[in-house]
Amino acid sequence: MNESISRQVQQVVHRLFNVETTPVLTRPDPQFGDFATNIAMQLAKSLGKNPREIAEAIATELRSQDAINEVSIAGPGFINVRLHDSALYASVFTEVPKKQGSLLIEYSCPNAFKSIHVGHFYQTILGDSLARVYERLGWTVYRVTFGGDVGRHVGMSMWSIINELGGEYPDKLAEIPEDVRATWLAERYVMGTKAFEEDQQAKEEITQCNKRVYELHNENDKTSDFARIYWTCRQWSYDAFNQFYESIQVKPFDRSIGESETFQPGLKIVRDNLGKVFTESDGAVILSEEKSGLHTRVFINSGGLPTYEAKDLGVIWLEAQEFEYDKRIIMTGSEQKQYMQVVFSAQSLIDPVLGAKQESLTNGTVKFGDGKKMSSRLGNVTRAVDVLPSAKEAIKAKSQELQEQIALGAIKYTFLKSSIGGDISFDLDQSVSTEGNSGPYLQYALVRAKSILRKVSVATQQSVDHLEQPERALAVCLTRYPEVLQQSVDGSSLHDLCAYLYELSQIFNRFYEQCKVVDDPRADIRIPLVVQYEQTLRDGLQTLGIPTPEEM
RNA sequence: GCACCCGUAGCUCAGCUGGAUAGAGCGUUGGCUUGCGGAGCCAAAGGUCGUAGGUUCAAAUCCUGCCGGGUGUACCA
C-alpha cells in the first residue's frame, strides 16, 4: 500500500511539474491521516513556488484516486492522505514481499578455553535476531562464529591445565566430572592469567605453551600427550558453548571457525601483499593508512607470528571459499570499531570486490544498573550461563517450560529493544519485568488473541464499508509490518521491530478493551483482523527469536 | 595530542538522511465489577533536548567552539 501511494504521488508530481522524485511517505499521527509526505516543501525551492500551492495541486490530483478517501494540506505544506476504510481493510491481508540475497553473519565468537560472559549472551541474541530478520525477508543466511583456539590465552590455559594435572597426563582429565568441566576450565584460565602476570618463570613457560599450540596445529598432531590435552579441553569448551546456545534457543551456527584455521591463510595473504598493501617497519608487517585517518596496525609481529589482524583477513578469505555471499556482517564490541576499519581497508586494497561486501556492526557493553539486587544474586560473576536461571526465579508461571519461555522473552527483548551500538544497562529486576514495554507484555498480547481465536470459528474475510476507530487503528498498524521489517535490515535496527511490535500490541490491547469479538454482530469483520494480528505478532516475535507461548 | 561514540522526563531509552503540540516504559498520583485472560486499560504530574553560537521559512536533528562521560590510538583480541 505504501509503495502504491508513493508511486501515485511520484506520477502526479511528474505530470504536474515534470520533475523526477522519490517521495518518502511517513506515518503521521492518526489525526492527520494514514500517510503523509513533505514532497511539496521539498519541491518549493527548486520550483520557486509556495509549498502550499504545490501541495494543493498534488492533492487535487490524488483525490481522484480510488483507494483514497481524503487528502488534506496541513501546516507549512504537508500532504495527508487517508484511505477509504474498504481499501485499508483489504490491504491488511497482504504477504510480506520476499527478496533474494545471501548474508554471512559472524557473531558471538567466544574464545575456546574461556567462559561465555553476558557480553557474549548479548551479542549472540543480536546476531541471531538480525539473521532471522534477513531470513524472514527471503535471504539465505550463514551463521558463523569465529573464536580463538590458539594464541596467548590458550597458552595460559594450557600451562595451568598441565600444572593442575601435575604434568602432561591427558588420561587424568577423565577424572574431572562432566558437569564441572566448564568451570574447571574457566578457573584454569584465571590461574594462568595470574601466573603470567606474577611469575616470571611461568610467563616463559606460557610463551612456550603458546608456541607449542601453534606447532601442534602445523603438524596436525592429535596423539602427543600435550596435543591430547589440548584437543580434549578445546572440545569441552565447545560442548559448553553449544549447551549454552541451546539453552537460550538460538539457531545453531552453520560453521564454527577457530583461529587455528585462519592464521596460515592470513599469513600468506599478508606476505603475498607485502610491498603492495603492507609495509615492513621495525621487523613487523604493518598497514599504515594514517593519511585516511586510520590507525596503523600490525598484521605480522616482529616475531613472525600473525596478529588478530592477519587472522581476520584469513577468516574473510576462508569464509569466501566456503560460502557465497552478497554481504558479510561482522559483529564486534564497539571498542574494535576503528580497528575493524583498518582490516576492511586492507581487505579492500587486496580485493575491492570482497572488500565492498564487508560491513561491521559494533555493539556496546552490558552494564549492570546500580547492581544491588543483581550482585546479590550473581555476585560479581557475569557468566552468561547464570543469567537465565536467575531470571527464571523472578517469573511466576504454571510450568517450568513456560517460566523459561517468559524469562527468555524478557531477557531477549531487553537486549533487543535498544539500538545497537550504545552500552545497554541490564538490571535483572527491570530486565525481567513483565509489565509495560517488555517481552512478556508482547507474549501476553499474543496469548490474548490466541485465546479469542480458540473461541470462534474463523470467518472469511468480508468487504467492509466502515471501520470503527479501534478496528481502524489496528488495521493501519498491521499494514506497516512489511515496511518495518525492511527498515530493520536497512538500519540493522532490531529496536525498530521491537518498537513496532510493542505499539501493535498496545493498539490490540486497546482494541481488546473496546471491541468484543466473540458473539458480536461485527464478529465477521473483527475476526479476520484478530487472525491477521495474531499472525503478524507471532511472526514478529519469532523473527526476533522470542518464544511465543500458547498460554501464560 | 588525534580519532570514534555518547550527553533528551527522577531512572532506562526512542526520536537525529531538518518539518506539524519532543514520545514510550519504569517510578509517582488517581481511576476501570455487569464483555473474549487485570502480566491488561484510562488519566494526571514530570523536559531551558549538556552549553554557546551559526545555517534555514523550519533545528533534539545539520555545522563550529566549549563542558562532561566512555573507547581506541604498532607488535593483545
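Throughout, a chain's letter reflects where its sequence line sits, starting with A, and its residues are numbered from 1. Values below: all heavy atoms of this structure, side chains included; hydrogens, waters and symmetry mates excluded.
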**Prompt:** Between B:rU61 and B:rG19, how far is it from one P atom to the other, in whole Å?
**Reply:** 10 Å
**Request:** Give a yes or no on whether a donor-acceptor pair under 3.5 Å exists between the nucleobase atoms of B:rU73, that is its base, and the side chain of A:Glu335.
**Result:** no
Would you tabulate the nitrogen or oxygen pairs shorter than 3.5 Å linking the protein to nucleotides 8-12 of chain B?
residue : atom : partner  : partner atom : Å
B:rU12  : O3'  : A:Ser425 : OG           : 2.8

**Prompt:** What's the closest nucleotide to the A:Val517 side chain, out of B:rA77, B:rC36, B:rA39?
**Reply:** B:rC36
Might you list the N or O atoms of the protein lying below 3.5 Å from N or O atoms in nucleotides 41-43 of chain B, with each pair's distance?
residue : atom : partner  : partner atom : Å
B:rC41  : OP1  : A:Tyr441 : OH           : 2.5
B:rC41  : O4'  : A:Glu513 : OE2          : 3.3
B:rC42  : OP1  : A:Arg510 : NE           : 2.5

**Prompt:** Can you list the stems that RNA chain B is part of, where a stem is at least 3 pairs in a row, each Watson-Crick or G-U, with both distances below 3.5 Å?
**Reply:** B:1-7 with B:67-73, B:10-13 with B:23-26, B:28-32 with B:40-44, B:50-54 with B:62-66
For a quick test of your reading: what N or O donor-acceptor pairs under 3.5 Å do the side chains of residues 278-288 of chain A make, sequence neighbours left out?
residue  : atom : partner  : partner atom : Å
A:Ser288 : OG   : A:Thr296 : OG1          : 3.3

**Distance, P atom - from B:rC41 to B:rG54, rounded to whole angstrom** = 46 Å
**Asked** Is there a donor and acceptor pair closer than 3.5 Å between the side chain of A:Glu503 and the base of B:rA24?
**Response** no
**Distance, C1' atom - from B:rG38 to B:rU33, rounded to whole angstrom** = 12 Å
**Message:** When the C1' atoms of B:rA14 and B:rG72 are compared, how many Å lie between them, rounded to an integer?
**Reply:** 28 Å
**Prompt:** At under 4.0 Å, does any side-chain N or O of A:Arg297 touch on OP1 or OP2 of B:rU73?
**Reply:** yes
Check the interface with nucleotides 3-5 of chain B: list each N/O to N/O pair with the protein under 3.5 Å, or write none.
residue : atom : partner  : partner atom : Å
B:rA3   : O2'  : A:Gln338 : NE2          : 2.8
B:rA3   : N3   : A:Gln338 : NE2          : 3.3
B:rC4   : O4'  : A:Gln338 : NE2          : 3.4

**Prompt:** Given the C1' atoms of B:rA74 and B:rA3, what is the spacing between them in whole Å?
**Reply:** 16 Å
**Message:** Nearest to the side chain of A:Met552, heavy atoms from C-beta on, is which of B:rG19, B:rC36, B:rA39?
**Reply:** B:rA39
**Prompt:** Which pairs count as ring-ring contact (aromatic ring centres under 6.0 Å, His included) when at least one residue sits in residues 435-454 of chain A, sequence neighbours excluded?
**Reply:** A:Tyr441-A:Tyr502
**Prompt:** Is there a donor and acceptor pair, one atom on the side chain of A:Asn80 and one on the base of B:rA20, closer than 3.5 Å?
**Reply:** yes
**Fill in**
Between A:Leu408 and the options A:Ile125, A:Ile546, A:Leu388, the side-chain contact (heavy atoms from CB on, under 4.5 Å) test singles out A:Leu388
